[in-house]
Amino acid sequence: MKKSIFRYVLAASVSITVVSFLLMVFVAYGYLSDILRDHLREELDLAARGVEMSGGEYLRGFTDKSLRFTWVDAGGTVIFDSKAGAQGMENHLSREEISEALESGSGESVRYSDTLSELRVYSALRLSDGTVLRISGSRKTLTYLMLGFLLPMLLIVAFAFLMSFLLASRIAKRLVRPINDIDPDKPTKYIGKREYSEIEPLLKRMEAQRLQIKADSAELEKTSLIRQEFTANVSHELKTPLHAIAGYAELIESGLASEEDIRPFAGKIRAEAGRMTKLVSDIIELSKLDSGAAGTQREHVDLYRIAENAVDSLEYTASEAGITIKLSGVSAVIEGIPRVLYSIIYNLCDNAVKYNKFGGSVSVNVADLGESAVVSVRDTGIGIPKADIDRIFERFYRVDKSHSGDVGGTGLGLSIVKHGALIHKASVNVESIEGIGSEFTVTFPK
Ligand code: ADP
C-alpha cells in the first residue's frame, strides 16, 4: 500500500511538473519571439528614418553584424544589401515581406534565406519615395535566448522532481502510519480521531469482527466444555449398570447366591444390560442429531402417522403399568426427517407413561393449524417441580434420579426431543403441575 501511494503521488507530481514545464516553454517561446519581432521593427523604424534623411549612406554606417539590411526600389531591384553585394542579386519583388510592404506599407515573414543559408525573420517598410527597406534577423537569436531560459528551468524541474520524490515518500509514510499503528484489539479507541476519520467504517467493521470472534470463541469454549461434561457423564452412567452387572455375576460365580436367587439376579443383570443398551442407543441418536442430521434430506411426513406408530409401540408397556394411552386429532403433514420426528414423539409418550401413576392416562393429540402443526402429549402423572422445569432438557438431567432409574430413564430423552425439534425449527413448551400431570407441546412450522 505504501509503495502504491508513493507511486501514485510521484506519478501525479511528476506529470504536473512535466506538463507545466512544457506549457512554460511554449509561452516563453511565443513571448521571446514577440520581443524579437518588436526589436526588429524598432530597428527598422530607426533605419527607415535614417535612410529617409541621409539615403544609403546611413546603412553603410550600420555596424550590428547580426542584422541585415536590404534596400530595394519599387521595381524589386536591390539597391543595397549589408551582407552581400547588391549587384548580381536577383529581383526581390517575389519576397513575401517586400511585396506586402509595396502593397500595404509594411510586411513580415519568417523563412529560410538562400543568401545566408539559415532561418531568418524579415520585416519590411515602404519609404516615402516608394522604395522598400527590409531588415532581417537570425532565428538563431531566439534559439540562444530559449537555451538561456531553458537551463535554469531544467534545474528548477530537477529540483521539483526531487521534491516530488521526497514528498511522495513522506505522504505515503504519513498515510500508512496511522493504519499500522492501529491496535487490532482496541479499534474503537481511534474513532473520532482526526487522522482516522476516513477509515472509521473500517474501524467499526474491525470492532464488529473482533466481537464476533470473541463470541465465537466463547461459544466454542462452551461447546467443548459441554462435550467434556458429556463424556464424563456418559462414562459415569455406563459405569453404574456395569458395576451392578459385575456385582450380581460375582455373587453367582462365587456361589454366595442361593439357588433361588440366581433367577432374580439374572433378571437384574438383564435389566441393567437393557438400561445400558438404551443408554448407548440414546447416545448414538444424540450424536447423530449433533452431526449432520440437519443436512439430511427432508420429506413430507404425516405427524399423525408417526404418533400412531409411537403410541402403538408403547401400548403394551402402558397397559402393563395400568395406564391408558390414546391418540386423537387429524393428519398434519410437514417437511421433516421421519426418524427424528418419531424420536421426538416416542420420547414424549415414553416419559408420559414412565412418570405416570397406576390408573393414569396419556392423551396424544395432533392438530393442523394451517401455518403450523402441533403435537401435544398430556399425562396425569407425577408432574415436574417448577424449579426443575428449565433443566429437564439438559443432557442426563433427571428430577428424581432413583425414580428415573427405576423406570429405565437415561436422562437423554428430552435432550433428543429438544435437539430434534431444533432441527425442525420447532418449539417445545412444557406445562406441569406437581402431582397432577404434565403437557408437552411441540409446534412445527410448515
Ligand atoms: P429420562 O430418560 O430420565 O426420562 P428425560 O430427558 O426424558 O430423561 O427427562 C428428564 C427428566 O424430566 C426425567 O428424569 C423426569 O424427571 C422429568 N420428566 C420428563 N418427562 C416427564 C413427565 N411427563 N412427567 C414428569 N416428569 C417428567
Side-chain angles (χ1 to χ4, degrees), residues 14-72 76 78-84 86 89 92-161 163:
V14 163
S15 24
I16 290 171
T17 312
V18 168
V19 170
S20 349
F21 172 72
L22 292 176
L23 283 175
M24 272 193 252
V25 167
F26 181 74
V27 171
Y29 186 84
Y31 178 67
L32 288 177
S33 51
D34 279 354
I35 286 185
L36 272 182
R37 207 187 45 215
D38 290 348
H39 172 71
L40 217 57
R41 267 204 212 129
E42 276 164 25
E43 288 287 354
L44 181 63
D45 275 347
L46 267 175
R49 248 179 271 154
V51 172
E52 296 259 21
M53 283 195 303
S54 50
E57 276 314 304
Y58 174 82
L59 293 175
R60 263 182 271 280
F62 205 82
T63 47
D64 191 335
K65 289 274 182 306
S66 70
L67 295 175
R68 171 189 175 196
F69 283 103
T70 313
W71 191 22
V72 299
V78 179
I79 307 168
F80 171 83
D81 190 281
S82 63
K83 283 277 159 78
M89 280 184 79
H92 268 45
L93 216 55
S94 62
R95 302 297 196 272
E96 197 185 328
E97 68 283 355
I98 289 177
S99 64
E100 243 177 62
L102 279 171
E103 227 168 78
S104 63
S106 68
E108 254 160 31
S109 79
V110 177
R111 67 190 147 74
Y112 193 78
S113 158
D114 287 331
T115 319
L116 297 176
S117 316
E118 62 172 4
L119 198 64
R120 293 187 76 88
V121 188
Y122 296 92
S123 188
L125 209 61
R126 191 178 62 203
L127 303 185
S128 53
D129 59 359
T131 59
V132 171
L133 182 64
R134 183 185 75 174
I135 191 171
S136 85
S138 173
R139 267 304 256 217
K140 271 186 195 152
T141 320
L142 183 63
T143 315
Y144 293 143
L145 282 175
M146 278 304 287
L147 280 178
F149 165 80
L150 278 181
L151 208 69
M153 277 301 288
L154 280 173
L155 279 177
I156 292 172
V157 166
F159 178 71
F161 279 177
M163 287 304 284

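Shortest non-hydrogen contact noted between A101 and V132 is CB-CG1, 4.0 Å. Nearest heavy atom pair, residue L40 against residue V121, reads CD2-O, 3.5 Å. Nearest heavy atoms, A160 versus T17: CB-CG2, 3.6 Å. Across every non-hydrogen atom of L67 and K83, the tightest pair is O-NZ, 3.8 Å. Contact record, W71 with V51: CZ2-CG1, 3.6 Å, taken as the closest heavy-atom pair. Of all the heavy atoms in L125 and S106, the pair that sits closest is CD1-CB, 3.7 Å.
Interatomic distance, CG of L32 versus CZ of R37, reported as 12.5 Å (0.5 Å rounding).
Tested against L133 for a side-chain contact (heavy atoms from CB on, under 4.5 Å), the candidates T70, I79, D45, L59 yield a single pass: L59.
Salt bridge annotation for E96-R111: absent, with no cationic side-chain nitrogen under 4.0 angstrom from a carboxylate oxygen. Between R60 and E57 there is a salt bridge, with a side-chain nitrogen of the basic residue lying less than 4.0 Å from a carboxylate oxygen of the acidic one.
Note on residues 139-160: pairs passing salt bridge (Lys or Arg N to Asp or Glu O under 4.0 Å), not counting sequence neighbours, are E118-K140.
Between the side chains of S136 and R120, at least one donor-acceptor pair of N or O atoms lies under 3.5 Å.
Side-chain N or O atoms of R68 include none that pairs as donor or acceptor with a backbone N or O of S82 at under 3.5 Å.
Shown here are the salt bridge (charged side-chain N to carboxylate O under 4.0 Å, His left out) partners of D129, two or more places apart in sequence or in another chain: there are none.
Within a 6.0 Å radius of CE in M153, other residues, nucleotides and ligands contribute more than 12 heavy atoms.
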